[in-house]
2 protein chains.
Amino acid sequence: MPEALTVRRSASLTRQRILEAAILRFSRSSYEATTLRDIAADVGIDVALVHRSFGSKEELFRQAARVALDDGFQRAVEAPDLGAAMAAHFLQPRLDQALKMVDPLDIVTHSLSSDRANPILRELVQQDFILPLTQRLGCGDELQAALAIACLAGIALLRDVLCIGVLRDASKDQICPMIEKLMHACLAKDCEPQLSEPSS
Amino acid sequence: MPEALTVRRSASLTRQRILEAAILRFSRSSYEATTLRDIAADVGIDVALVHRSFGSKEELFRQAARVALDDGFQRAVEAPDLGAAMAAHFLQPRLDQALKMVDPLDIVTHSLSSDRANPILRELVQQDFILPLTQRLGCGDELQAALAIACLAGIALLRDVLCIGVLRDASKDQICPMIEKLMHACLAKDCEPQLSEPSS
DNA sequence: CGGCGCCTGTCAACATTCGTTGATCTCAAT
DNA sequence: ATTGAGATCAACGAATGTTGACAGGCGCCG
């Protein structure tokens with residue numbers, strides 16, 4: 001049964017290669033700027049096969065985003081020092097198994113403002129980022145979690161999408177402590193300190 | 001010479017109306033999703049006139065972004081309590097003179113990941129946000145300013161573009177103090193507490 | 001061994017959309 | 001009436017997702 005030997009003409013292998021190429025493309029350009037023809041050319045196949053393997057561009061993007069994000073953040077969220085772990089996870093590009101260097105957030109930040117990718121990313125951000133972080137906090141304060149994620153997304157955005165110089169050039173030693181401080185400010189458990197709400 | 005009486009067939013007036021419609025459209029959809037035909041329909045004119053009035057879509061977007069951002073942030077940055085002023089400026093939609101309600105950041109956040117709008121927005125963010133804030137800080141730490149802007153952009157993005165529920169539903173009383181705390185964490189003068197660097 | 005049929009992959013074309021442009025029309029001022 | 005700028009019309013050219021018809025190898029069954 002030469003199932004594993006079927007190197008040529010293997011649908012699953014082709015799907016895998018398409019998915020990897022798609023992750024790379026979607027991590028570097030927006031949903032709209034990334035064309036199925038580009039991805040097809042990377043794999044060395046025809047456009048039609050890309051389309052037929054995933055049904056539609058939207059579905060390809062959805063699966064690419066799911067695979068790219070993987071459960072990396074789930075693990076980061078379980079670390080003892082939450083702030084440091086989140087800072088590290090979002091700041092150093094990750095080396096995926098067979099992929100090139102890809103920051104897991106790139107695929108999110110590069111297509112945030114695309115209408116088609118929008119609902120997909122909303123679901124993903126909600127389920128894969130805000131929800132686990134909320135549960136980890138235990139405080140039940142989803143707003144804190146959302147704010148923390150928003151800050152990290154904003155930083156990644158200005159750094160990797162807008163390419164703001166000072167953010168790109170900052171060394172890890174320089175920026176990591178600031179992110180940690182930020183995360184601590186976001187996630188500080190002041191849900192009920194002693195009800196010290198100054199009446200404005 | 002009835003120059004001001006030329007209500008009909010006035011190029012400058014038409015330009016103004018196109019610009020207003022463009023700001024509205026670009027504040028609600030991405031650069032690519034916004035078509036010149038949409039804008040033309042809003043004004044009630046032909047596509048060609050929109051194009052001829054501004055030379056190109058890119059130029060229209062550039063001018064729309066410039067006008068939309070105005071110098072609102074410049075003023076916010078001069079307030080005594082910087083954190084509170086920035087939180088207020090970015091969180092409450094502003095009522096522009098003749099325009100509908102538009103958050104000045106919307107036009108930035110909605111097109112962040114568009115390739116065409118990217119260089120325009122980078123320049124804008126650098127000049128109109130990071131630079132003034134850096135100068136206001138006086139500390140010369142551009143990284144702090146960039147981080148603060150990044151956080152605000154991220155929050156606006158998750159709230160207004162991704163439409164994350166918990167951020168959309170949060171009341172101003174709920175979220176404003178948290179933003180202020182964040183801004184203070186970003187902008188805290190811990191660069192040289194006792195040694196004041198001579199203003200360059 | 002050999003024809004059959006399925007799965008993988010290709011080719012060409014469609015339908016649509018959008019920015020852009022040149023010719024043309026229309027109105028107001030001279 | 002003439003002229004010139006404001007405005008329109010129709011069309012181009014390019015790009016892209018999508019689709020259907022077709023080709024080629026591979027296993028299956030006779």
Side-chain angles (χ1 to χ4, degrees), chain A residues 1-19 21-22 25-26 28-64 110-111 113-120, chain B residues 1-19 21-22 25-26 28-64 110-111 113-120:
Chain A
M1 58 216 65
E3 188 162 334
L5 294 180
T6 310
V7 176
R8 292 172 43 182
R9 302 188 79 80
S10 160
S12 65
L13 179 64
T14 304
R15 258 185 69 101
Q16 175 92 9
R17 292 173 54 200
I18 294 175
L19 204 55
R25 286 278 180 184
F26 282 131
R28 291 179 173 159
S29 307
S30 70
Y31 176 87
E32 277 125 9
T34 302
T35 72
L36 296 186
R37 282 174 173 81
D38 288 338
I39 297 174
D42 290 343
V43 183
I45 58 175
D46 191 85
V47 199
L49 186 53
V50 176
H51 189 270
R52 246 199 26 197
S53 295
F54 288 87
S56 71
K57 187 183 183 184
E58 283 191 32
E59 188 55 31
L60 173 58
F61 178 81
R62 176 178 291 111
Q63 299 204 22
H110 277 84
S111 295
S113 56
S114 162
D115 290 357
R116 290 280 169 77
N118 194 289
I120 299 173
Chain B
M1 48 202 68
E3 187 162 335
L5 293 181
T6 309
V7 176
R8 291 169 48 177
R9 300 185 79 81
S10 156
S12 64
L13 179 65
T14 303
R15 259 185 68 101
Q16 175 90 9
R17 291 173 54 201
I18 294 175
L19 204 56
R25 286 277 180 183
F26 282 129
R28 291 181 174 159
S29 306
S30 71
Y31 176 87
E32 277 124 11
T34 302
T35 72
L36 297 186
R37 284 174 172 82
D38 288 338
I39 299 174
D42 290 343
V43 183
I45 58 176
D46 190 86
V47 198
L49 186 54
V50 176
H51 189 269
R52 296 185 100 80
S53 296
F54 287 86
S56 72
K57 188 185 183 183
E58 283 192 32
E59 187 56 32
L60 173 58
F61 178 80
R62 178 178 289 109
Q63 299 204 22
H110 276 84
S111 294
S113 55
S114 162
D115 290 358
R116 291 280 169 77
N118 195 291
I120 300 173

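All heavy atoms count here, side chains included; hydrogens, waters and symmetry mates do not.
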Exercise. Can you name the nearest heavy-atom pair linking Glu32(A) to Glu32(B), along with the distance?
Worked result: OE1-OE1, 2.9 Å
Exercise. Does Ser56(B) make a side-chain N or O approach to OP1 or OP2 of dG19(C) shorter than 4.0 Å?
Worked result: no
Exercise. Residues in salt bridge (Lys or Arg N to Asp or Glu O under 4.0 Å) with Arg17(B), at least two apart?
Worked result: none
For this session: To the nearest Å, give me how far apart CG (Leu13(B)) and P (dG6(D)) are.
Result: 12 Å
Exercise. Among residues 47-55 of chain B, which residues get a heavy atom nearer than 4.0 Å to DNA chain C?
Worked result: Val47(B), Ala48(B), His51(B), Arg52(B)
Exercise. So which heavy atom on Asp115(A) is nearest to which on Pro119(A), and how close?
Worked result: O-CD, 3.3 Å
Problem set entry | Sequence-distant partners of Gln63(A), side-chain hydrogen bond (donor to acceptor under 3.5 Å, both in side chains), two or more places apart | Arg15(A), Glu59(A)
Problem set entry | Separation of atom CG in Asp46(B) from atom P in dG6(D), rounded to whole Å | 16 Å
For this session: Please report, rounded to the nearest Å, how far the C1' atom of dT16(D) is from the CZ atom of Phe61(A).
Result: 17 Å
For this session: Using a 4.0 Å heavy-atom cut-off across all strands, classify Thr34(A) as base, sugar-phosphate, or nothing.
Result: sugar-phosphate
For this session: Report the relative orientation of the aromatic rings in Phe26(B) and Tyr31(B); use parallel for angles under 30°, tilted for 30 to 60°, perpendicular for over 60°.
Result: parallel
Exercise. Between Ser113(A), Ser30(A), Ser114(A), which is the residue that forms a side chain to side chain donor-acceptor pair (under 3.5 Å) with Ser113(B)?
Worked result: Ser113(A)
Please list, one pair per line, the donor and acceptor atoms closer than 3.5 Å that link side chains of residues 44-53 of chain A to other protein atoms, with sequence neighbours excluded.
from	atom 1	to	atom 2	distance (Å)
Asp46(A)	OD2	Ala48(A)	N	2.8
His51(A)	NE2	Gly55(A)	O	3.4
Ser53(A)	OG	Leu49(A)	O	2.7

For this session: Rounded to the nearest angstrom, tell me the gap between atom CD1 in Ile45(B) and atom P in dA5(D).
Result: 19 Å
Exercise. Between dC18(C), dT8(C), dG17(D), which one does the side chain of Ala11(A) approach most closely?
Worked result: dT8(C)
Exercise. dT8(C) P sits how many Å from Arg17(A) CZ, rounded?
Worked result: 15 Å
Problem set entry | Arg25(B): side-chain contact (heavy atoms from CB on, under 4.5 Å) partners, not counting sequence neighbours | Thr34(B), Asp38(B), Ile39(B), Asp42(B)
Exercise. Whole Å only: how far is the CG atom of Leu36(A) from the P atom of dT10(C)?
Worked result: 15 Å
Exercise. Between dC11(C), dT18(D), dT8(D), which nucleotide has the shortest distance from any of its atoms to the side chain of Lys57(A)?
Worked result: dT18(D)
Exercise. Does a nitrogen or oxygen in the side chain of Thr35(B) sit under 4.0 Å from OP1 or OP2 of dT17(C)?
Worked result: no
For this session: Check the distance between dG17(D)'s C1' and Arg116(A)'s CZ and give it to me in whole angstrom.
Result: 9 Å
Seminar exercise, completed: From CD1 of Ile39(B) across to P of dA7(D) the rounded distance in Å is 16 Å
Exercise. Taking five pairs at each end of the helix from dC1(C)-dG30(D) to dT30(C)-dA1(D), what angle separates the two helix axes (nearest 10°)?
Worked result: 20°
For this session: Heavy atoms only: give me the nearest Ser29(A)-Ser111(A) pair and the separation to one decimal.
Result: O-OG, 4.2 Å
